[in-house]
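Notes follow once the structure below has been shown.
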Amino acid sequence: MDAIERIIGYHERSKHHPHRYALGPGYLDWANQPDPFRRFAGCELVPLMLPDTDDTPPYEALFGPGAIPPSAVSHRSVSRFFECSLALSAWKQFGDSRWALRINPSSGNLHPTEGYLVVGPELPGIPGPGVYHYAPKEHGLERRCEFAANVWSAFSARFPSGSFLVGLSSILWREAWKYGERAFRYCQHDVGHALGALRISAAMLGWRLTVLEGMGDESLAGVLGLDRGEDFSGVEREEPELLAVVWPSGEAGEMARIVPHEFVEGVRAGRWMGRGNRLSREHVEWDEIDAAADATRKLATEPSPCRTVETRPGGDEIDRNGPTAKQIIFQRRSAVALDGRTGISSETFFRMLGRVAVIGDPACVPWDSIGWPPCIDLLMFVHRVESLNPGLYALVRDPRRVEVLRSEMKTEFIWTRPKHCPNDLPLFLLYETDCRQGAAQLSLGQAIAGDGAFSLGMIGRFEESLRETGPWFYRRLFWEAGMVGQVLYLEAEAAGVRATGIGAYFDDAVHDVFGLHGRRFQSLYHFTVGTAVEDTRLQTNPPYPFVRPG
Ligand SMILES: Cc1cc2nc3c(=O)[nH]c(=O)nc-3n(C[C@H](O)[C@H](O)[C@H](O)COP(=O)(O)O)c2cc1C
């Protein structure tokens with residue numbers, strides 16, 4: 001069986017059906033709950049700063065091209081970059097239980113995603129060129145590798161000045177512990193959320209960020225030290241996911257989305273330090289997860305070029321009195337319950353959708369961080385949006401797909417434009433109906449899918465994408481869905497409501513509702529937005545109880 005058949009096989013068997021859920025552990029083995037914090041013993045920990053003043057730009061400016069002047073790359077700005085992307089956002093407490101929340105969301109709050117930084121010699125406050133693992137609990141960087149300055153030159157000669165690298169990996173066991181076979185999907189959603197969080201944090205500093213999509217996973221593992229058997233002996237391995245370059249926007253030019261071979265080899269040959277900690281005492285082997293990871297590993301591919309400077313001027317129309325980027329980023333939380341009453345205005349609804357629709361130029365935040373055209377569309381359940389009839393709607397993020405979807409979906413769908421919908425928003429009313437109960441049922445009976453203003457299924461252009469691009473594109477479909485989710489989370493906060501990602505739904509039942517058959521399109525992630533009911537029993541404490549200079 002080839003890798004495409006294998007990953008399609010995994011996708012099919014990890015579906016939830018009303019009569020059969022995807023295979024899971026059946027119960028929660030609390031004694032073996034994975035430690036959410038990876039540390040490497042024997043590494044120097046470099047503290048990052050925690051600036052006590054909020055000097056971040058308005059949230060609205062994040063999406064206006066050129067609206068934020070680039071910050072110099074420094075210890076302080078790199079600290080801010082991690083603080084607003086992968087750091088802790090709060091500690092929660094209920095009785096004797098205490099758990100951390102983070103800037104990036106995660107299925108089951110299990111946080112399989114680990115972050116890395118690769119920098120050169122010119123960063124005061126950071127000990128020198130090397131590979132650093134980000135430790136969110138301490139808000140610090142563990143120096144995993146030290147390499148020579150000339151190794152860095154092989155990288156820096158090909159990228160704009162001030163460039164550095166960030167990497168992401170997944171510890172698949174963290175999600176498999178709770179979710180079994182479906183967990184590989186959740187890890188990939190989480191990578192998408194983390195990538196979205198990194199891109200938005202970079203935008204806050206006036207920086208660009210793009211995934212080095214030409215890289216193969218073997219090189220990625222080499223740069224991040226994930227293939228070093230001795231450092232992970234007897235502990236949970238990390239699956240390489242992506243490497244992205246970050247640079248202060250300004251210098252015009254073009255770059256290839258790949259690092260040179262001599263850089264990879266130079267880093268590999270550096271002085272490596274530290275051994276990973278063990279996260280669970282015992283493990284359950286999930287062969288299907290390993291097989292899914294194996295089938296979707298990527299080889300090096302011809303990278304597409306990336307323009308290093310924005311060509312669109314903008315930012316003049318931004319309201320500078322609104323909430324800051326940090327305020328919105330830090331207040332993001334998943335709603336545990338929605339009130340089943342309150343709606344939103346159509347203006348708010350259209351604005352939120354506009355942020356995920358990729359209207360006009362694809363080079364806008366955060367979509368400029370991925371090198372492929374939009375493959376995810378939104379099939380929506382509208383419940384409570386003022387002046388919009390409740391029913392099924394479609395937001396087609398690539399207008400070239402409207403006719404394809406129209407011909408694939410139910411013939412009774414009407415495909416009309418909602419009243420007052422902006423001309424450039426590719427939103428269509430498909431069918432008027434009260435879908436509150438249906439939406440909840442599709443999400444394994446989770447009331448949040450019916451109790452909000454709207455919920456949605458993210459439908460991916462599935463089998464054709466895999467056959468045209470490669471089995472590794474499976475992961476990227478989930479990354480894109482996670483990024484859509486990340487934008488919706490923040491947009492919900494900015495609109496005074498709240499969102500929740502929904503990974504648990506009956507896949508084929510969703511397809512049936514819209515009349516989709518076969519594997520041309522598949523539902524890859526669900527989401528809900530509405531007015532949250534707070535759980536007042538929980539105590540909230542600050543993310544870092546210590547003071548650090550900023
Ligand atoms: C991929 C993904 C899937 C999720 N699925 C569900 C879900 O099915 N039901 C639910 O109530 N919450 C779901 N969540 C929300 C998580 O439980 C939440 O992100 C986590 O508890 C951390 O809380 P926070 O988002 O407030 O930081 C999901 C989140 C993600 C990122």
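Atoms within a ligand are numbered from 1 in the order they appear, just like the ligands themselves. Position 1 is the first residue of the sequence, and the numbers go up from there.
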Item to check | Numbered atoms of ligand 1 (with element) below 4.0 Å of His189, judged on heavy atoms | outcome: 1 (C)

Next on the checklist: Between Arg476 and Glu213, does any NZ, NE, NH1 or NH2 come within less than 4.0 Å of an OD or OE carboxylate oxygen?
Outcome noted: no

Checklist entry - When you look at CD of Glu5, are more than 12 heavy atoms from neighbouring residues, nucleotides or ligands closer to it than 6.0 Å? => result yes

Checklist entry - So which of Tyr27, Trp30, Tyr186 actually passes ring-ring contact (aromatic ring centres under 6.0 Å, His included) with Trp177? => result Trp30

Item to check | Shortest protein contact, atom 20 (C) of ligand 1 (heavy atom only) | outcome: Ser106 O, 3.2 Å

Item to check | For atom 25 (O) of ligand 1, the protein heavy atom that lies nearest, with its residue and separation | outcome: Ser334 OG, 2.6 Å

Next on the checklist: Quick check with a 6.0 Å cut-off and a 45 degree axis cone: is Arg355 positioned over the face of Tyr489's six-membered ring?
Outcome noted: no

Checklist entry - Of all the atoms in ligand 1, which lie at a distance below 4.0 Å from a heavy atom belonging to Ala504? => result 8 (O)

Checklist entry - So which heavy atom in the protein is nearest atom 5 (N) of ligand 1, and how far is it from that ligand atom? => result Gly503 N, 2.9 Å

Item to check | atom 10 (C) of ligand 1 [closest protein heavy-atom partner, distance rounded to 0.1 Å] | outcome: Gln446 OE1, 3.6 Å

Item to check | Taking atom 2 (C) of ligand 1 as the reference point, the nearest protein heavy atom with its distance | outcome: Tyr525 OH, 3.4 Å

Next on the checklist: One residue to check: Thr500. Relative to ligand 1, which of side chain, backbone, both or neither has a non-hydrogen atom less than 4.0 Å away?
Outcome noted: side chain

Checklist entry - Do the charged groups of Glu236 and Arg278 touch, with an N to O distance under 4.0 Å? => result no

Next on the checklist: Return the closest protein heavy atom for atom 27 (O) of ligand 1 as residue, atom name and distance.
Outcome noted: Arg332 NH2, 2.8 Å

Checklist outcome for this item: Note: ligand 1 atoms sitting under 4.0 Å from heavy atoms of Ile448 are 11 (O)

Item to check | Heavy-atom nearest neighbour in the protein, as seen from atom 6 (C) of ligand 1, with distance rounded to 0.1 Å | outcome: Gly501 O, 2.9 Å

Next on the checklist: Please list the nearest protein heavy atom to atom 22 (C) of ligand 1 with its residue and the distance rounded to 0.1 Å.
Outcome noted: Asn109 OD1, 3.5 Å

Checklist entry - Got a salt bridge between Asp507 and Arg185, using NZ or NE/NH1/NH2 to carboxylate O under 4.0 Å? => result yes

Checklist entry - Side chains of Glu386 and Thr348: closer than 4.5 Å at any heavy-atom pair? => result no

Checklist entry - Do Arg467 and Glu464 meet the salt-bridge criterion of a basic N to acidic O distance under 4.0 Å? => result no

